[in-house]
Amino acid sequence: MRIGEVAERAGVSPRALRYYEEQGLLHAERGPGGQRDYPASAVERVGLIQQFFTAGLSSRTIAQLLPCVDSGQGSPEVFAMLGAERERISAAMADLAAARDALDRIIDTARHPTPEHCPGLREPAWSQYPGPGAAPAPERAGVPAGDS
C-alpha cells in the first residue's frame, strides 16, 4: 500500500507516517523508485501507535513497547516502564489540578473582592489627598514627619 492510502485509511497525515518511520515505529519496503510500500497491517499498526500517543506515551516508549506487542509477550521491565509512565501522568494531573484550584481561587477573588485581597478597597483612593482648603500633611508635602 502506498503512503497516501495508508494515511487515508488510518486517518493520519502522510507526514505522521514518515515520522513514525523515523522513530522506528512503522516500517515500509522501498520500491525501485524509492516509494514506500506498506503492508496491509500498517493501518492497524498506526491505530495502535495512535492509542499509545493518546495514552501520553512518547515515541521512545512506544518503540520499546512494540516488540512486546509483536511477540505477544510482556516483560517485567515493560510493565515497570508502563507503571512509571502512569505515575508520571498522575503527577502531572495532580500539578494541573493544583493549578486549576489556584485559578479558581483567583477567579473567585476577582468576582468577590474584599479589602483583604484588594488594596483599592481598603480605603477610598481619594483619602490620600486632603480636602479643599486643608493644608497638606508634612509627609505628603515632601517634608518628613517631625521636621516641620
Side-chain angles (χ1 to χ4, degrees), residues 1-130 136-142 144-146:
M1 237 185 296
R2 298 285 169 101
I3 192 168
E5 185 178 357
V6 174
E8 185 178 327
R9 287 185 182 188
V12 299
S13 68
R15 182 176 181 188
L17 296 178
R18 290 197 262 324
Y19 173 77
Y20 297 163
E21 272 191 72
E22 289 171 11
Q23 300 301 308
L25 308 178
L26 188 63
H27 304 285
E29 296 293 323
R30 294 289 182 147
Q35 292 184 330
R36 292 170 173 86
D37 185 34
Y38 293 95
S41 62
V43 175
E44 185 177 358
R45 178 92 162 188
V46 169
L48 180 62
I49 292 167
Q50 289 288 300
Q51 287 178 4
F52 287 149
F53 277 127
T54 299
L57 301 178
S58 69
S59 58
R60 179 181 297 160
T61 301
I62 295 169
Q64 292 174 317
L65 287 175
L66 288 174
C68 296
V69 170
D70 294 339
S71 71
Q73 298 284 321
S75 68
E77 295 82 16
V78 165
F79 287 110
M81 179 181 58
L82 289 173
E85 286 296 319
R86 188 180 191 290
E87 288 301 315
R88 179 188 62 79
I89 290 168
S90 293
M93 289 171 64
D95 290 345
L96 285 171
R100 181 201 55 220
D101 293 346
L103 185 56
D104 285 345
R105 287 189 298 275
I106 291 169
I107 291 168
D108 184 59
T109 299
R111 286 191 173 145
H112 311 289
T114 65
E116 175 188 0
H117 298 104
C118 184
L121 295 176
R122 291 184 191 140
E123 59 183 53
W126 57 86
S127 67
Q128 62 182 321
Y129 301 104
E139 63 273 3
R140 290 199 178 105

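Please read these numbers as outputs of a predicted model, since none were measured by experiment.
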Worked check of side chain to side chain contact (heavy atoms under 4.5 Å, CB included) between Phe52 and Thr61: CA-CA 9 Å; Phe52 287 149; Thr61 301; over 6 Å; no
How far does CZ of Arg15 sit from CD of Glu22, to the nearest 0.5 angstrom? 9.5 Å
Which heavy-atom pair separates Ser59 from Gln23 by the least distance, and what is that distance? OG-OE1, 3.2 Å
CD (Glu21) and CD1 (Ile3) are apart, to the nearest 0.5 Å, by 6.5 Å
Taking C-beta and beyond as the side chain, do Asp70 and Arg45 meet within less than 4.5 Å on heavy atoms? yes
Any chance you could measure Leu25, atom CG, to Leu17, atom CG, to the nearest 0.5 Å? 11.0 Å
Find the distance between OG1 (Thr109) and CG (Asp104) and round it off to the nearest 0.5 Å. 10.5 Å
I'd like to check Tyr38 versus Val46 (side-chain heavy atoms, cut-off strictly below 4.5 Å). Are they in contact? no
Can you confirm whether Arg100 sits close enough to Leu96 that some side-chain heavy atom of one is under 4.5 Å from a side-chain heavy atom of the other? no
Any idea which heavy atoms bring Ser13 and Ala7 closest together, and the distance? C-CB, 3.9 Å
Would you say the side chain of Ile62 lies within less than 4.5 Å of the side chain of Tyr20, judging by non-hydrogen atoms? no
Verify the distance criterion only: is there a donor paired with an acceptor across the side chains of Thr114 and Glu116 at less than 3.5 Å? no
Roughly how far, to the nearest 0.5 Å, is the CD1 atom of Ile49 from the CG atom of Leu66? 5.5 Å
Contact between Gln51 and Leu48 at the side-chain level, heavy atoms closer than 4.5 Å - yes or no? yes
Heavy atoms of Ala42 and Leu26 approach each other most closely as CB-CD1, 4.1 Å
Heavy-atom side-chain proximity of Arg18 to Arg36 below 4.5 angstrom: yes
So NE2 of His112 and CD1 of Ile107: to nearest 0.5 Å the spacing works out to 11.0 Å
His27 to Gly24 - nearest heavy-atom pair and separation: NE2-O, 3.7 Å
Any chance CZ of Arg30 has more than 12 other-residue heavy atoms, nucleotides or ligands included, within less than 6.0 Å? yes
Flag yes if more than 12 heavy atoms outside Glu44 fall under 6.0 Å of its CD atom; otherwise flag no. no
Considering only heavy atoms from C-beta outward, does the side chain of Tyr19 approach that of Val12 to under 4.5 Å? no
Over 12 non-hydrogen atoms of neighbours within 6.0 angstrom of CZ in Arg88: yes
